[in-house]
Colleague: 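Have a look at the structure that comes next, please.
Every chain is numbered from 1, with letters handed out A, B, ... down the list of sequences. We use all heavy atoms of the structure for the numbers below, so side chains are in, but hydrogens, waters and symmetry mates are not. Remember, it's a predicted structure, so these values are computed and weren't measured experimentally.
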There are 2 protein chains.
Amino acid sequence: MAIKTYKNPGVTVDVVIFTIGSNDIKVLLIKRENAPFKDTWALPGGFLREEELTKEAAFRILKSKAGVGNVYMEQLYTFDKKERDPRGRVISVAYFALIPTEAIKFENPSAQSPLFWSLKTLPKTAFDHKDIIAYALKRLRSKLEYTNVIYSLLPRYFTLSHLQEAYEAILGKKMDKRNFRKKFELLRLIRPTRRVFYGARQRPAKLYEFVSRKPAELKKFF
Amino acid sequence: MAIKTYKNPGVTVDVVIFTIGSNDIKVLLIKRENAPFKDTWALPGGFLREEELTKEAAFRILKSKAGVGNVYMEQLYTFDKKERDPRGRVISVAYFALIPTEAIKFENPSAQSPLFWSLKTLPKTAFDHKDIIAYALKRLRSKLEYTNVIYSLLPRYFTLSHLQEAYEAILGKKMDKRNFRKKFELLRLIRPTRRVFYGARQRPAKLYEFVSRKPAELKKFF
DNA sequence: TATACTTAGTGTATTATTAACACTATACAC
DNA sequence: GTGTATAGTGTTAATAATACACTAAGTATA
């Protein structure tokens, strides 16, 4: 049975992959090898395959570009501005993924040169990818406030300073150390371990871990 | 130039139209006239037209089913479960719209019988529309907490009791009258007018209006 | 026209959360 | 052993959230 009498738009999936490095939030971009936008930096992405869910496509892309699989991923938004793709009508279902720096494995580093870029010094990007990245950052910032997503950017063991630096990198502002720690004590998202982080040419720091590494929402209601 | 070598999925747009009536939150459903799911209730929607933005499609659908144009609308999520459409691979970009009951005009009430249903007594619905409605309600509830969207469900002039009833209908819980009013005084979203609401067989109530009827976010940060 | 009914409108005390703020402790580098 | 850099820690004040009950004023009705 015919679904329709007109031409379906093309459907792509693009993935905004965030990580935190050098106290900065970074996004993975690859240099395009083909037209359009050949040699321009772009979000990893591609056409949705037949019989493939958009989420599956997002994981496929993530796996092939960053070498990781089991990470936080959620659908972001579907972008369909008219002029966004010079090839014609193509809508993009965007996802965003959060991965701890330690987990990244560039499988074939020569191919398509994937690189993490600081959001402060983004290069010129293909399509409407700058919009997509901005939207993803906004979503991430607001998710920090009412969920425990931060776990997905940190390694198994981390210090309270690492945790605070992650917040500061994403929110783009400094926070008070004592208030930050008090807040986290209240939230009960993390617990101290018996491990200690030595070797950073200052007083060693206690290592913490997340009580749970599953997505969850924090209380808070009108 | 060929965009792809495989078949593009079908793309539909479905709209969750919420309104508040009889102290209850309601969603607009229409009875399907064609297969699949003939004679089953469904969200108003349809295939995305060529050269049409998904948002334009959402407004087109809204206008044709509820007779209103200038209302709150935002993209919700893109649904693409495999078995969601028996016709084959069809993904749906869902939007949700909020309209004050007063604004609704059923242009041709006989055709496709659009009806507002209470969320508590939904009939069996077509496709994955129950999921879409549940997701929209979740989104609406959380938007109440950090935005001023509530304006889009109320008429120009309203009493504080109307406002509170709207919150209670959406959040599904009773709230304290004095605390509710104190909160709104603090938020400065509304202001009293010189109008008074007479005629409801009790003490008449002061009428308020929104300071602004544009989407805005309330403060609140980590 | 008096009385009952119904919702409008209002304040205070308690508790919880947020915000501002500065010094001592300890491993590592030199 | 001395300097350096970050770890770690409490108190106070301001703001926000919560719990809670009575009087005011139209409308209905007897």
Colleague: Counting side-chain heavy atoms from CB outward, which of C/dA27, C/dA20, D/dA7 is closest to A/Y198?
Modeller: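 So the nucleotide nearest the side chain must be C/dA27.
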Colleague: Evaluate whether atom CZ of A/R195 has more than 12 neighbouring non-hydrogen atoms of other residues, nucleotides or ligands under 6.0 angstrom away.
Modeller: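 No, CZ of A/R195 has 12 or fewer neighbouring heavy atoms, counting only those of other groups under 6.0 Å.
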Colleague: Please report the distance, rounded to the nearest Å, between CZ in B/R203 and P in D/dT23.
Modeller: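 From B/R203 CZ to D/dT23 P: 13 Å.
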Colleague: Are any of the side-chain heavy atoms of B/L207 and B/T159 separated by less than 4.5 Å?
Modeller: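 They are in contact (side-chain heavy atoms under 4.5 Å apart), so the answer is yes.
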Colleague: Rounded off to whole Å, could you give me the NZ-to-P distance for the B/K206 and D/dG26 pair?
Modeller: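 Those two atoms, NZ and P, are 13 Å apart.
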Colleague: Mind calculating the distance between NE2 (A/H162) and P (D/dA7) to the nearest angstrom?
Modeller: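 Result: 8 Å.
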Colleague: Indicate whether OP1 or OP2 belonging to D/dT6 is found under 4.0 Å from a side-chain N or O atom of A/R201.
Modeller: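 False: A/R201 side-chain N/O out of range (4.0 Å or more) of D/dT6 OP1/OP2.
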Colleague: Please determine if a side-chain N or O atom of B/S161 lies less than 4.0 Å away from the OP1 or OP2 oxygen of C/dA8.
Modeller: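 So the side chain of B/S161 is within the cut-off, an N or O lying under 4.0 Å from OP1 or OP2 of C/dA8.
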Colleague: Only pairs under 3.5 Å count here: list side-chain donor-acceptor contacts from residues 115-124 of chain A, not counting sequence neighbours, and write none if there are none.
Modeller:
from, atom 1, to, atom 2, distance (Å)
A/S118, OG, A/D24, OD2, 2.7
A/S118, OG, A/K120, N, 3.1
A/K120, NZ, A/D24, OD1, 3.2

Colleague: Are A/K177 and D/dG8 close enough that a side-chain N or O sits under 4.0 Å from OP1 or OP2?
Modeller: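 False: A/K177 side-chain N/O out of range (4.0 Å or more) of D/dG8 OP1/OP2.
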Colleague: Please determine, for the side chain of A/R181, which listed nucleotide (D/dA19, D/dT9, C/dA8) has the closest atom?
Modeller: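 From the listed options, D/dT9 comes nearest.
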Colleague: Of the options C/dG9, D/dC20, D/dG8, whose atoms approach the side-chain atoms of B/D176 most closely?
Modeller: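 Out of C/dG9, D/dC20, D/dG8, the nucleotide with an atom closest to B/D176's side chain is D/dC20.
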Colleague: Within a strict 4.5 Å, meaning less than it, do heavy atoms of the A/T78 and B/Q75 side chains meet?
Modeller: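 A/T78 vs B/Q75: side chains touch.
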Colleague: Assign each of A/L207 and B/G199 to its nearest nucleotide of DNA chain D by heavy atoms, then name whichever residue's nucleotide is nearer the 5' end.
Modeller: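 Result of the comparison: A/L207.
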Colleague: Measure from the side-chain heavy atoms of A/R178 and tell me the nearest of D/dA7, C/dA22, C/dA19.
Modeller: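 Of D/dA7, C/dA22, C/dA19, C/dA22 is nearest to the side chain of A/R178.
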Colleague: Mind calculating the distance between NZ (A/K182) and C1' (C/dA22) to the nearest angstrom?
Modeller: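 These atoms are roughly 13 Å apart.
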Colleague: Counting only side-chain heavy atoms from C-beta out, which of D/dA16, D/dG8, C/dG11 sits nearest to B/L186?
Modeller: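 Among the listed nucleotides, the one closest to the side chain of B/L186 is D/dA16.
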Colleague: Examine C/dT18: is either OP1 or OP2 under 4.0 Å from a nitrogen or oxygen in the side chain of A/K183? Give yes or no.
Modeller: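 Yes, A/K183 has a side-chain N/O under 4.0 Å of OP1/OP2 on C/dT18.
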Colleague: Grab the NZ-C1' distance between A/K173 and C/dA19 for me, whole Å please.
Modeller: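 After rounding, the reported distance stands at 12 Å.
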Colleague: Measure from the side chain of B/P204, starting at C-beta and using heavy atoms only, and say which of D/dG10, C/dT12, D/dG26 lies closest.
Modeller: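 Per side-chain heavy atoms of B/P204, the pick is D/dG26.
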Colleague: Should the pair A/D131-A/R84 be classified as a salt bridge under the 4.0 Å nitrogen-to-oxygen rule?
Modeller: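 No, this pair does not count.
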Colleague: Measure from CZ on A/F180 to C1' on D/dA7 and round the result to the nearest Å.
Modeller: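 Nearest whole value for this atom pair: 14 Å.
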Colleague: Between B/F197 (CZ) and D/dA24 (P), how many Å, whole number?
Modeller: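 One finds 23 Å between P of D/dA24 and CZ of B/F197, rounded.
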Colleague: Given atom CE of B/M175 and atom P of D/dA19, what is their separation to the nearest angstrom?
Modeller: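 Whole-Å distance recorded here is 12 Å.
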